Amino acid sequence: MSEEAAAPVGNFLWSLVESDLAEGRHKSVITRFPPEPNGYLHIGHAKAIYINFGIAKEFGGRCHLRFDDTNPVKEEQEYIDSIQADVRWLGFDWGDHLYYASDYFDTLYVWAEHLIEKGLAYVDDQTADAIRISRGTLTAPGTNSPFRARSVEENLDLFRRMRKGEFPNGARVLRAKIDMTAGNINLRDPVIYRILHAHHQRTGDAWCIYPNYDFAHGQSDAIEHVTHSLCSLEFEDHKPLYEWLLANLPVPAFPKQTEFARLNITYTILSKRHLTQFVRDKHVKGWDDPRMPTLAGLRRRGVPPAALLDFVKRAGIARANSVVDIAMFDAAVREYLNKAAPRYMAVLRPLKIVIENYPEGQGEELEAVNNPEDPAAGTRKVPFSRELYIEQDDFMENPPKKFFRLSPGTEVRLRYAYFITCREAVKDAAGNVIELRCTYDPATKGGNAPDGRKVKATMHWVSAAHAVKAEVRLYNPLFTRPDPGADGDPVQDLNPNSLEIVEAKLEPELANAKVGETVQFERLGYFCRDSDAGLVFNRTVGLRDAYAKAQ
RNA sequence: UGGGGGAUCGUCUAACGGUAGGACCGCGGACUCUGACUCCGCUAGUCUAGGUUCGAAUCCUAGUCCCCCAGCCA
């Protein structure tokens with residue numbers, strides 16, 4: 001093995017393209033990402049995008065963005081726009097190669113007539129129900145339509161009249177004439193054109209008949225000279241039809257379809273139908289709700305595109321159905337953000353403390369490191385004063401053994417500031433701790449004790465007088481079980497606590513955070529400034545927490 | 001009882017007849033001005049039964065289990 005040898009790609013798709021190129025079956029690779037513009041892209045699409053654009057990039061080819069817009073009743077311009085924005089956000093570029101299946105409606109129509117002329121397609125007058133019944137079942141063969149033997153002339157005439165708009169929706173369809181007894185049901189004279197008196201977002205009212213997926217996809221691939229048509233496993237059964245059409249039409253190229261398993265993730269639903277439902281029924285606030293697995297939602301939550309792509313890559317590409325642990329996603333996000341995100345201090349659930357021996361009215365600025373993983377990120381000043389906020393979780397009046405934080409009589413470090421000792425917990429009438437009286441050791445300024453004494457905990461804090469208030473949205477999984485919908489409707493598995501809102505106290509610098517910027521709140525997690533008015537942060541992902549886990 | 005596909009640590013994934021490896025999770029430990037990060041270590045797998053072979057996750061045979069397909073959706 002030579003040292004020059006490229007690292008093995010490790011998945012069958014890259015290997016396939018590599019060998020097709022090496023063995024001269026193609027000069028260069030052309031792939032395509034072909035979404036239907038009927039919803040927002042989600043993390044499952046990120047996998048398809050990674051595969052198609054990733055292969056093109058890896059092997060010096062190109063990837064087309066093609067909208068599979070053959071069903072005008074479901075599609076909208078809003079989705080066309082959002083899909084382009086999302087693909088760009090992931091960092092991919094289709095150059096001049098933006099296409100629409102609707103670009104090919106004229107050609108597809110001509111090819112449909114071509115099929116009719118070859119005696120390979122016919123107009124069927126049966127109702128949808130009748131067609132369904134005569135299609136047979138999984139185990140019983142279908143039976144021929146009474147209209148199957150129509151002459152070429154009659155079929156041509158009827159099909160042209162379908163196109164002219166002489167018939168209402170559902171009155172007739174065009175079917176490929178293949179084999180009503182085929183084991184593969186897709187070959188039992190599949191419908192390839194249907195009457196749809198509907199306005200198309202791009203072709204307007206030019207058409208009232210539309211090709212369906214099977215009659216558009218492979219031909220579109222061929223027209224664009226796509227070499228590798230990569231799709232998910234459920235289209236496996238369509239491949240014989242895909243190839244039958246290419247073999248029987250005057251197409252300029254013969255793309256090859258190869259399937260891979262789609263992405264599934266625990267605690268996550270990746271079905272457009274359900275996601276649409278959650279938006280429509282207001283279980284979430286919109287397509288870009290940070291709890292949604294949509295690219296728009298993940299972006300708003302603060303997930304960097306590079307982390308998302310890394311996750312998709314780590315999850316792997318294979319032909320076996322699988323469900324990836326959401327923990328793998330969190331790990332990818334944390335790994336990226338740990339290196340990239342600047343650190344700040346923020347207190348989510350404030351508990352006021354008063355440093356009794358710190359002079360009233362006095363204040364100072366302490367130097368804090370912006371990112372220990374990145375010295376170039378520099379330092380900043382954080383204001384300190386007599387009254388501070390610490391996290392409620394960081395104090396316990398009667399601590400258990402392994403509690404290292406503050407409790408009456410213990411000493412801890414305030415990060416970048418001083419060692420403090422808790423002297424007294426002040427309670428309200430109900431017995432709740434509402435304030436802590438503490439003292440500090442002036443000799444420990446900056447966080448180190450000259451006498452070398454150690455503390456077990458370092459805590460984050462915010463100066464009460466300087467703190468800025470912010471709404472912080474803490475997101476939890478949208479579902480309460482790893483396999484939402486396994487018992488039926490995923491709506492039943494929706495997590496009622498998927499969003500928790502707290503009013504937090506932040507160090508003042510955070511008021512300048514840019515919308516969309518993800519930062520670390522030390523000891524808490526990664527948070528992203530939201531686009532909503534005011535100072536609002538979304539929790540992207542929490543930090544790993546060995547202490548919480550031990551509880 | 002039709003057709004198509006799939007089965008490797010708990011999860012995801014490598015291996016292309018020649019040492020079953022990696023990642024995530026979990027569990028220890030070291031380090032630490034984030035109970036984070038980092039580092040070290042541990043745990044743990046070829047669906048079953050036969051066969052071929054010097055040698056099988058890989059090839060053969062027979063099973064088992066799982067997924068997809070009966071839209072005028074994609």
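Since this is a predicted model, take the numbers as computed values, not measurements. Side-chain atoms are counted along with the backbone in the values below, which use heavy atoms only and exclude waters and symmetry mates.
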Once you measure the plane-to-plane angle for Y109(A) and F159(A), does it fall in the parallel (<30°), tilted (30-60°) or perpendicular (>60°) bin? parallel

Tell me whether the side-chain N or O atoms of R314(A) pair up with the base of U13(B) as donor and acceptor below 3.5 Å, since no angle test is needed here. no

According to a strict under-4.0 Å criterion, is R523(A) in side-chain N/O contact with OP1 or OP2 of A36(B)? no

Over all strands shown, is E259(A) touching base, sugar-phosphate only, or nothing at heavy-atom distances under 4.0 angstrom? nothing

Donor + acceptor pair across side chains of Q77(A), Q201(A) (<3.5 Å): no

Going by the angle between their ring planes, with limits at 30° and 60°, are F311(A) and F329(A) parallel, tilted or perpendicular? perpendicular

Can you check the distance between C59(B) and G6(B), where both ends of the measurement are the P atom (answer in whole Å)? 11 Å

Kindly indicate whether the side chain of E373(A) and the base of U38(B) share any N or O donor-acceptor pair separated by less than 3.5 Å? no

Which range-with-range stems can be found for RNA chain B when each stem has 3 or more Watson-Crick or G-U pairs in a row and both distances sit under 3.5 Å? B:2-7 with B:64-69, B:10-13 with B:21-24, B:26-30 with B:38-42, B:47-51 with B:59-63

Using a 4.0 Å cut-off on protein heavy atoms (strictly under), produce a 5'-to-3' string for nucleotides 66-74 of chain B with B for base contact, S for backbone-only sugar-phosphate contact, and - for none. -SBBBSBBB

Y336(A) atom OH, over 12 foreign heavy atoms within 6.0 Å: no

What is the distance, to the nearest angstrom, from the CD1 atom on I326(A) to the P atom on U11(B)? 17 Å

Base of G71(B) relative to its sugar, syn (within 90° of 0) or anti? syn

Can a cation-pi geometry be assigned to R32(A) and Y99(A), taking NZ or CZ under 6.0 Å from the six-membered ring centre and within 45° of the ring axis? no

Closest of C37(B), G35(B), C24(B) to the N338(A) side chain is C37(B)

Close N/O contacts between protein and nucleotides 26-31 of chain B (under 3.5 Å):
from	atom 1	to	atom 2	distance (Å)
G26(B)	OP1	K549(A)	NZ	2.8

Starting from P on A14(B), measure out to CG on L13(A) and report it in whole angstrom. 11 Å

For V73(A), report the nucleic acid contact type (base, sugar-phosphate, nothing); a contact means any heavy atom under 4.0 Å. nothing

Between H200(A) and Y210(A), how do the two ring planes meet: parallel, tilted or perpendicular, split at 30° and 60°? parallel

Just call it for R343(A): base, sugar-phosphate, or nothing, with non-hydrogen atoms closer than 4.0 Å on any strand. base

Can you tell me how far P of G4(B) sits from CZ of R319(A), to the nearest Å? 13 Å

